[in-house]
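One-based numbering, in listed order, for ligands and for the atoms of each. Nothing here was measured: the structure is a model prediction, and the numbers come from that model.
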Amino acid sequence: MINVTKTYLPDFDEYVSYLKQIWDNSQLTNNGPLAQQLEKGLKEYLGVEYLSFCGNGTIVLQMALKLLEPAGEIITTPFSYVATTNVILWENLKPVFVDIDPATYCINPNLIEASITENTRAILATHVYGNACDVEAIEKIAQKYNLVVIYDGAHAFGANYLGKSLLSYGDFATCSFHATKLFHTVEGGAIVTNTPERHEKMHLMRAFGHRGDDYFFMGVNGKNSEVHAAMGLCNLPMVPQLIQARKAVCDVYTELLDWSRLSAPQWADGLERNYSYYPLVFESEEKLLQVRDVLAQHEIVPRRYFYPSLNQLPFLKEAEACPVSEDISLRVVCLPLHAELPHEDARRIATLINQHL
Ligand SMILES: *Cc1c(COP(=O)(O)O)cnc(C)c1O
């Protein structure tokens, strides 16, 4: 079976050598030496000053939202993974959905101002598929209305925009290191901030909000372990190679697919892609389902990612209509993509798709 993704696993003996270090130290968690070493490596790789390695890509969003006072509305995108909306609801904030740009599939900055009220606290937008949100336009709006900007950068690891990591934009940018992501620590995540004050808050918040006997504010368990950090230390040096290998697979798809009947997001100008996903948009949902069935017969499993549009989640009481996101969500799949996918498989997948358009 060819699945939408396959987790990269490092050399087994290398991982075991880190485990040996953990056994020797007998410190398994609580900001141990490997977690600190990974944080240092991540900061160097991303070129950012303030980063906290945390439990997953969801808790870091909750930690950023937790700082917002008083509670209120969060402008957000309907075109993302469900976690982006869940965290807003989980923190008892109100999501206000703003439709996406029909070219980039990231939140449409031209529609944001009309949705701002006196209760708006923040903008939570996703760098979807590692594409760059219009960070300049969003920053301008945020300054004008005094809003916090949080980027869900779960897809953005390894992508650069205008020569800097995409995760260096915004007041907070979060990342997921889940096993399905480009770079992973099995489960894991990180939050990048841009001031020492915010960093200190995140650092404390992930460890219950206290240092020894000094209690500062209500924190949570957002930490991660030495065992997870070890996986990250094995995988981090591989990232440039993984991105190159993924690019080569993407190039096969791009060259072979029949673009007269298919489309894809437009990557932002100034973006150096990370090739984390290969989104493909069909002419209709009907076509998508037909092609999906054909691929299934060949044991090829793409993923409807993202579907549904988050403003249509069944557990929302009410939500704004987002016609662009609703339309794209019905027609988009992500094709199988990972560093070790044989090019022959990518060619076969592209050919099968073209034959059934
Ligand atoms: C994966 C993902 C998350 C959640 O990350 P976890 O590490 O699984 O908690 C959040 N947002 C987006 C856009 C994601 O793709």
Pick out the protein N or O atoms lying less than 3.5 Å from any N or O of ligand 1, and list each pair with its distance.
from	atom 1	to	atom 2	distance (Å)
ligand 1	5 (O)	Ser176	OG	3.2
ligand 1	7 (O)	Gly57	N	2.7
ligand 1	7 (O)	Ser176	OG	2.7
ligand 1	9 (O)	Gly57	N	3.2
ligand 1	9 (O)	Thr58	N	3.1
ligand 1	9 (O)	Thr58	OG1	2.6
ligand 1	11 (N)	Asp152	OD1	3.4
ligand 1	11 (N)	Asp152	OD2	2.7
ligand 1	15 (O)	His155	NE2	2.8
ligand 1	15 (O)	Lys181	NZ	3.2
ligand 1	15 (O)	Tyr305	OH	3.0

Please name all residues satisfying side chain to side chain contact (heavy atoms under 4.5 Å, CB included) with Ala264, sequence neighbours left out, ordered by chain then number. Trp259
Quick one: do Glu200 and Arg206 satisfy salt bridge (charged side-chain N to carboxylate O under 4.0 Å, His left out)? Show the steps, please. CA-CA 10 Å; Glu200 171 69 4; Arg206 76 171 174 189; over 6 Å; no
Mind jotting down which residue pairs meet the side-chain hydrogen bond (donor to acceptor under 3.5 Å, both in side chains) criterion with at least one end in residues 3-12? Sequence neighbours excluded, please. Lys6-Glu340
Just wondering, are more than 12 heavy atoms of other shown residues or ligands nearer than 6.0 Å to CD in Gln355? yes
Apart from Leu330 itself, members of its ILVMFWY cluster (side-chain separation under 4.5 Å) are Tyr307
Closer than 3.5 angstrom, by distance alone: can the side chain of Glu226 be matched with the main-chain N or O of Ala35 as a donor-acceptor pair? yes
